[in-house]
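Heads up: the structure comes next, in structure tokens.
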Amino acid sequence: MKITYTCFFLFLFLPACERTNKAEEFGLAIIPKPLNLTPSGGTFLLNGQTQIFVDFSLLDIANDFGKSVKLNLPISHPEDVNIEHQSKKQNSIYIYLSDSTQFIGESYSLRIEENQILLSAKTRQGIFWGLQSLKQIIPHDRNENTPILLPTVAIYDKPLFPWRGAMLDVARHFFSVQEVKRYIDLISAYKINRLHLHLSDDQGWRIEIKSWPKLTSTGAKTQVGGGPGGFFSQAEYKEIVQYAQEKFITIIPEIDMPGHVHAALVSYDELSCAQYDNKEAYTGLEVGFSYLCPDKPVVYQFIQDVIREIATITPGPYIHIGGDEVEHLDVNEYIKFINYIRTTVKATGKTMVGWEDISPANIDEHDIVQHWRSVQHIQAAAEKKAKIILSPASRTYLDMKYNAASRIGYDWAGLINVRDAYDWDPITHIKNLAQMHILGVEAPLWTETAETMDDLEYLAFPRILALAEVAWTPASNRTWENFRRRLAEHGPAMREANIDYYPSKLIPWK
Ligand code: TNX
């Protein structure tokens, strides 16, 4: 790489500026932006002979990577040999675990040197995230026989938050196992590590519960607009969980209670109060009208059974219990319900997550509260020391329109263009909310207006890249101007992956 005359001058005063620009031209437009990225001016020649050497315990991850970037598949080392301190061959990529003290949790180091590429981390997860960065550096349309030059660079990276989430509503419109897997593939490329599945709502119950079979045989038969709906058998759900695990994504199942339960009430009349005189499947868009009947013992049996079965098929530590928008119970009835559900979740050994509406209930530092619109609720939850996930609707709701011309989407929380999704700081977003309370950021995709995979992609992309960066990269290390230029470089890869992204005019797409 040549340093230009202007650059040389600028370079004296602004060392980072010109170098970063060069790195971008060279394809180092990584999203989310790494914490530390230092180009060193040289090149590595990637060609048909480049080989991958890998620790035995990372072979599965490296295999996947090798296939996707058309590189010679990994040569693994025996189980008892760590390659960290071995001498390295030329023209090779080394992928290994390291106990260097620079690493914690998900962090990784990726060094492209003239003779080797070295990727190391303390955990398999760290290695996986490092490979996502490397995938973004290696041109997507590479012909394996054409050698290409990569810039030499040292990256040290770690996430701001441990919770970098996406949520998918499979209740309003149902999405198949294949579609959920595709969503998992697409988001894991941007280091998102939680997928919250909204599995039940008024319009449909989407997960098999063996002790209450009519929840799916009756309650899953339709969806918004009257289409055929659907559900996941427990075996299919486990398949999703397993698939997500391979991409280091934890599935958080949500069973929304005590409201948003019309599909359950239609399936089992005994769960509703006598005055809830509403027996037809619901295919409309209203929220807040349904509720479990607080006076009936069978309702508590139902809660026990559902939570027990969900806990059994969920290896991850979290169960989301919804708790939002219950308009027909009084405050005491509502609080009693949440307290009961919480005790039930705790008895399974899981951590309860709920929408912010649960703040008045009995919650403490072991519970997680998800913000969507009420600052008061979140301040109350923080006072009780609960952990907070930030999903402010005006920034993170992927079901909002980009602008008035968007072909689908809602606008109750405002229009959210790519800049709105990007240009905010989760740490200062809520007044008086100390950083120690914040677990992370999550981007919900409600599907009242999204019927197909293309619809999901149109709403999520590219805003989910913005939110992945908001959750990974501290605000002090990122700017909108820099992000929009990097995002532009992702156009070709998104097209190659057939992502039906919204080509926002704010981005100078490549
Ligand atoms: C509010 S956010 C809801 C959902 C809707 C969404 C539509 C929340 C906890 N509840 O039931 O699908 O708005 O934007």
Side-chain angles (χ1 to χ4, degrees), residues 165-175 194 196-206 223-225 229 252-264 282-292 318-329 334 337-338 341 352-361 363 367-378 380-381 386 388-402 406 408-416 420-421 430 441-451 455-456 458-460 463-464 467:
M167 188 212 84
L168 182 61
D169 171 9
V170 295
R172 270 50 175 275
H173 282 101
F174 181 65
F175 292 88
R194 303 278 185 265
H196 161 187
L197 291 174
H198 185 74
L199 291 168
S200 68
D201 214 302
D202 295 316
Q203 297 88 344
W205 187 285
R206 308 297 179 202
Q223 58 185 1
V224 166
I252 294 97
E254 178 186 351
I255 301 295
D256 205 346
M257 294 183 286
H260 289 267
V261 289
H262 182 77
Y282 185 67
T283 60
L285 300 172
E286 295 299 310
V287 293
F289 59 89
S290 64
Y291 55 99
L292 294 168
Y318 314 106
I319 293 185
H320 201 305
I321 60 104
D324 57 317
E325 298 175 319
V326 188
E327 289 166 14
H328 296 275
L329 292 173
Y334 174 79
F337 254 129
I338 300 298
I341 297 168
M352 178 181 77
V353 189
W355 296 105
E356 67 196 8
D357 316 46
I358 69 168
S359 309
I363 54 170
D367 302 302
I368 301 174
V369 173
Q370 185 166 12
H371 168 57
W372 60 291
R373 65 173 172 187
S374 158
V375 171
Q376 287 78 1
H377 273 327
I378 285 310
I388 310 294
I389 302 167
L390 294 172
S391 299
S394 61
R395 299 286 187 175
T396 69
Y397 268 32
L398 298 173
D399 65 319
M400 294 301 125
K401 294 180 170 189
Y402 290 86
S406 291
I408 48 174
Y410 272 171
D411 61 9
W412 67 260
L415 301 169
I416 305 182
D420 299 319
I430 293 185
V441 175
E442 184 174 301
L445 181 40
W446 301 101
T447 58
E448 285 95 334
T449 69
E451 289 178 49
D455 291 348
L456 297 185
Y458 167 83
L459 290 170
R463 289 184 292 197
I464 197 137
L467 291 157

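For ligands, and for the atoms within them, numbers begin at 1 and follow the listed sequence. The residues of the chain are indexed from 1 along the displayed sequence.
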Looking only at protein heavy atoms, what sits closest to atom 13 (O) of ligand 1 is Trp412 CZ2, 3.5 Å

With respect to His198, which candidate in Glu254, Arg206, His260 satisfies the side-chain hydrogen bond (donor to acceptor under 3.5 Å, both in side chains) definition?
-> Glu254

Distance filter under 4.0 Å to Tyr410 heavy atoms, resulting ligand 1 atoms | 7 (C), 14 (O)

Which residue and non-hydrogen atom of the protein lie closest to atom 11 (O) of ligand 1, and at what distance in Å?
-> Arg172 NH2, 2.9 Å

Within 4.0 Å of some non-hydrogen atom of Trp355, the atoms of ligand 1 are 9 (C)

Please state whether the rings of Trp355 and Trp446 are parallel, tilted or perpendicular, taking 30° and 60° as the class boundaries.
-> tilted

Looking only at protein heavy atoms, which one is nearest to atom 7 (C) of ligand 1, and how far off is it?
-> Asp399 OD2, 3.3 Å

With distance as the sole test, does Asp169 use its side chain to make a donor-acceptor pair with the main-chain N or O of Ala171 at under 3.5 Å?
-> yes

Have a look at Arg172 and tell me which of Asp202, Asp201, Thr449, Thr283 forms a side-chain hydrogen bond (donor to acceptor under 3.5 Å, both in side chains) with it.
-> Asp201

Protein contact to atom 2 (S) of ligand 1 [nearest heavy atom, distance to 0.1 Å] | Tyr397 OH, 2.4 Å

Heavy atoms only: which of Glu448, Glu325, Glu356 is nearest to atom 12 (O) of ligand 1?
-> Glu448

Would you mind checking which non-hydrogen protein atom is closest to atom 8 (C) of ligand 1, with the distance to 0.1 Å?
-> Asp324 OD2, 3.4 Å

Drop me the distance from Ile252's CD1 to Met167's CE, to the nearest 0.5 angstrom.
-> 11.5 Å

Rounded to the nearest 0.5 Å, how far apart are CG of Leu456 and CZ of Phe175?
-> 4.0 Å

Ligand-side contact atoms (ligand 1) for residue partner Met400, heavy atom cut-off under 4.0 Å = 14 (O)

Can you tell which part of Arg373 has a heavy atom less than 4.0 Å from ligand 1: side chain, backbone, both or neither?
-> neither

Without swapping roles, check the side chain of Glu356 against the backbone of Ser374 for a donor-acceptor pair under 3.5 Å.
-> yes

Mark the output for Gln370 as yes if a heavy-atom distance to ligand 1 is under 4.0 Å, and as no if none is.
-> no

Quick one: does Ile341's side chain get under 4.5 Å of Met257's, heavy atoms only?
-> yes

